[in-house]
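Inspection log for the structure reproduced underneath, given as structure tokens.
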Protein chains: 2
Amino acid sequence: MRDTIHNAILCGRYGPGDRLPRDADLADNLNCARSTVQRAMQDLSNSGLVERRRKGGTRVRSEPVTRATLNIPIIRREVEQKGARYGHQLIRRSQALPPRKVMAKFELSTPHHMLQVEALHFSNGCPYILEDRWISLKTVPEAREVDFTQQSANEWLLLNQPYSRCDVSLFAISANDRFADLLQVKIGVALFVVERTTWIDKAPITTVQAIATPGYQLLTRC
Amino acid sequence: MRDTIHNAILCGRYGPGDRLPRDADLADNLNCARSTVQRAMQDLSNSGLVERRRKGGTRVRSEPVTRATLNIPIIRREVEQKGARYGHQLIRRSQALPPRKVMAKFELSTPHHMLQVEALHFSNGCPYILEDRWISLKTVPEAREVDFTQQSANEWLLLNQPYSRCDVSLFAISANDRFADLLQVKIGVALFVVERTTWIDKAPITTVQAIATPGYQLLTRC
DNA sequence: TAGTGGTCTAGACCACCGG
DNA sequence: CGGTGGTCTAGACCACTAT
């Protein structure tokens, strides 16, 4: 039934901006319950095809968007899944008040102590991803007791700390001296960067820059 | 109620791999209808926190994934939304059999004629994104009649051609001579690339490399 | 095959927001 | 204010799959 409704809309030749019938009418026409239409429309709304507003009704989006879903896995798993040998090395683990840049990412106004952790992930012994992370000790005091030499912060957090909000930013940068040195590439080489910040109920958990060596690709399918 | 359930699970201290009670039991404990639990769990499943299987029950994912939803808009809209002036220039429009690389992206074994379209998108007169695209004339014969000088292929396709599958790949490259020249940047500069391939029912529609000028960021929130 | 989630129904009430 | 979508209920039946 849900698929019937999806097809009815997709092939119904509604143009961008057109208003669809109200759920109740669609339910009548298609001979099904309103809650069924509601579910189907909710799906279409989630996938970005349609926009719904109380009283305003349901409209076909006039500005279609491509919604791609990224899977950002535990780095160790990612490496091992490719059949490579995973390694990881802690570069720094220190406690400090975060710089303004980190505060901004967390949308915080009053600073508190955080843990800064830098680490290198290896694939078959070669540098793979450089991770520069800040962890809020107010939200995750348990992190104080973990040394992150055996298990990476990436893995420990993903396995132990649920989150309710996550911002991601993707971009490219040229390798500076430090990145070039750590990742064993030439200065100026193009590097792919994933920046991720997570919260649990508005409380900041962690923000991380993951800088990948050349050749890294992030894939999705939808 | 749905939020109550979400919180109950998030704070319920279930570890990765743990099995949750069946929907029916949760409904009893939380004093609500099973369909309410079902909806809440469906959400958690969609967001990647939990895995559900008939007869197998609901488990907290042992390999948690960060699901980030990218919005890939029409480039003109993106530029205009920033308050900038949009421009666009067709660089090439030719018909040919696609190279192996393009065939591979489409997962095709037998070649057929396609349209190759290259174009530059401008923001306030400055190069913004370089687009290198192949369009299947078998699937989209209408493209033969469009010259893409007034409306970019990016916009024409998004507005006219629905798709049912979309692969996206994200990575960084260093500007070669040609990219540097077209985008007016120095050779070797880091460029952010979005590669997108779309199908309608297994029939290839288009594959495109969108190469962005330095400073470009792709953002998500979930 | 039995236990679990997936979908649907028919109805109710609520929350938002446009005219 | 009234019309629309958002959420919930209590129940039914179906579809998958682990045991």
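So that the names make sense, note that chain A is the first sequence line, chain B the second, and so on, each numbered from 1.
Between A/Met1 and B/Leu20, it is B/Leu20 whose nearest contact on DNA chain C lies nearer the 5' terminus.
Rounded to whole angstrom, the span from the CZ atom of B/Arg2 across to the P atom of C/dA15 amounts to 15 Å. Atom CG of B/Asp43 and atom P of D/dC8 are 10 Å apart (whole Å).
The side chain of A/Arg52 lies closest to D/dG5, out of C/dG5, C/dC8, D/dG5.
Put simply, the residue from A/Lys105, A/Lys138, A/His112 that forms a side-chain contact (heavy atoms from CB on, under 4.5 Å) with A/Pro204 is A/His112. Remark: of the listed residues B/Val140, B/Val146, B/Thr139, B/Val140 is the sole one forming a side-chain contact (heavy atoms from CB on, under 4.5 Å) with B/Glu142.
In this structure, CZ in B/Arg39 is found 12.0 Å from CZ in B/Arg34, a value given to the nearest 0.5 Å. To the nearest 0.5 Å, atom CD of residue B/Gln209 and atom CG of residue B/Asp132 are 6.5 Å apart.
Residues of residues 23-42 of chain A that place a heavy atom closer than 4.0 Å to DNA chain D, in numerical order, are A/Asp23, A/Arg34, A/Gln38, A/Gln42.
Between B/Phe192 and B/Phe171, the ring center distance fails the sub-6.0 Å criterion.
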Stepwise side chain to side chain donor-acceptor pair (under 3.5 Å) test for B/Thr58 and B/Arg52: CA-CA 4 Å; B/Thr58 304; B/Arg52 283 159 75 74; 2.9 Å; yes
Full working for ring pair (Phe, Tyr, Trp, His ring centres under 6.0 Å) between A/Tyr86 and A/Tyr128: CA-CA 9 Å; A/Tyr86 174 76; A/Tyr128 183 66; 8.4 Å; no
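A donor-acceptor pair is defined here as one N or O able to donate and one able to accept, closer than 3.5 Å; such a pair exists between the side chain of B/Ser152 and the backbone of B/Glu155.
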Could you go over nucleotides 14-19 of chain D and give all protein N or O partners under 3.5 Å, atom names and distances?
unit_1: D/dA15; atom_1: N3; unit_2: B/Arg54; atom_2: NE; d: 3.2

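Here B/Thr58 does not reach the OP1 or OP2 of C/dT4: none of its side-chain N or O atoms lies under 4.0 Å away.
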